[in-house]
Every structure is written in C-alpha cells, then in structure tokens.
Amino acid sequence: PSDASQGFRAAPFFFARNASLSYEWFVDGKAAKAGGPPDLLQLAAARGIRGSSVIGAVIKNVNNILEEARAKFTVHVQ
C-alpha cells in the first residue's frame, strides 16, 4: 500500500519578527525530526491503517528565555 503524507507547520505569531527561533516536534510524546524546514513536520501513514497520534510543538526564542510557545493536537487517521 502507498503512503499518504501530511505536513503541519508551526507559525510563531507572537514572537519578535527577527527572532532566532528553535523548533521541537513531538509525536506521541517522543521527539520527532522535521526532516526539512524546522517549522514544518511531515508525517506519513500507510493506507488502510487507522489510529491517532498526539502532535506537539515547542517554539523558543533562543535569545529571550521568556518567549516560548507550546501546543499539541490529536490527528486521527481513518
């Protein structure tokens, strides 16, 4: 079976414009690599497989420890 791929982008709306940002991604609580641009996580699921995963992202301003954003959401595959 072929895979279906989906991308998820972390958008840092409330950070300074020229901030130097770091991105961390998590899938079901385990660290995941973006594999391309750091603000974009690409996931693939085999066709015919059902399930769900919790996707998390942490964005940090490396020059200001007070600027950090965290979010997570659940993806259901059917």
Side-chain angles (χ1 to χ4, degrees):
S2 61
D3 292 342
S5 156
Q6 181 65 52
F8 302 96
R9 185 174 305 276
F13 289 114
F14 300 105
F15 287 83
R17 282 188 187 223
N18 296 326
S20 179
L21 303 177
S22 71
Y23 295 84
E24 297 174 71
W25 289 98
F26 300 90
V27 177
D28 292 329
K30 296 178 184 170
K33 294 194 183 242
D39 64 336
L40 180 65
L41 178 68
Q42 289 280 12
L43 295 178
R47 292 201 191 278
I49 302 297
R50 294 180 184 205
S52 62
S53 291
V54 176
I55 310 299
V58 178
I59 306 171
K60 296 178 183 179
N61 181 340
V62 297
N63 298 317
N64 183 349
I65 63 170
L66 299 177
E67 286 188 14
E68 177 178 306
R70 297 174 176 266
K72 62 182 172 178
F73 56 93
T74 303
V75 174
H76 300 280
V77 178
Q78 297 186 8

message = Under the rule for side-chain contact (heavy atoms from CB on, under 4.5 Å), what residues qualify as partners of Ser52, not counting sequence neighbours?
response = Thr74, His76
task = Please name the pair of heavy atoms, one in Glu67 and one in Phe15, separated by the smallest distance, quoted to 0.1 Å.
result = OE1-CD2, 3.3 Å
Heavy-atom closest contact (Ala45 atom, Val77 atom, distance) = CB-CG1, 4.2 Å
request  = Find out whether Leu43 and Val75 are in side-chain contact, i.e. whether some heavy atom of one side chain is under 4.5 Å from a heavy atom of the other.
outcome  = no
Approximate separation, where rounding is to 0.5 Å, of Ile55 CD1 and Lys72 NZ = 12.0 Å
ask   = Roughly how far, to the nearest 0.5 Å, is the CG atom of Asn63 from the OG atom of Ser22?
value = 10.0 Å
task = Could you pull out all residues at least two apart from Asp39 that satisfy side-chain hydrogen bond (donor to acceptor under 3.5 Å, both in side chains)?
result = Arg9
remark   = Heavy atoms of Gly29 and Phe26 approach each other most closely as O-CD2, 4.1 Å
ask   = Is any side-chain heavy atom of Leu21 less than 4.5 Å from a side-chain heavy atom of Asn61?
value = yes
query = Tell me, do Tyr23 and Leu41 make a side-chain contact under 4.5 Å, heavy atoms counted?
reply = no
remark   = In terms of heavy-atom contacts, Gln42 and Ser5 come closest through OE1-OG, 3.4 Å
inquiry  = Taking atom CZ as the centre, does Phe14 end up with more than 12 heavy-atom neighbours from other residues, nucleotides or ligands that are less than 6.0 angstrom away?
reply    = no
task = Consider only side-chain heavy atoms of I, L, V, M, F, W and Y, link residues closer than 4.5 Å, and tell whether Ile59 and Val62 are in one cluster.
result = no
request  = Could you tell me which non-hydrogen atom of Trp25 sits nearest to which non-hydrogen atom of Phe8, and how far apart they are?
outcome  = CH2-O, 3.5 Å
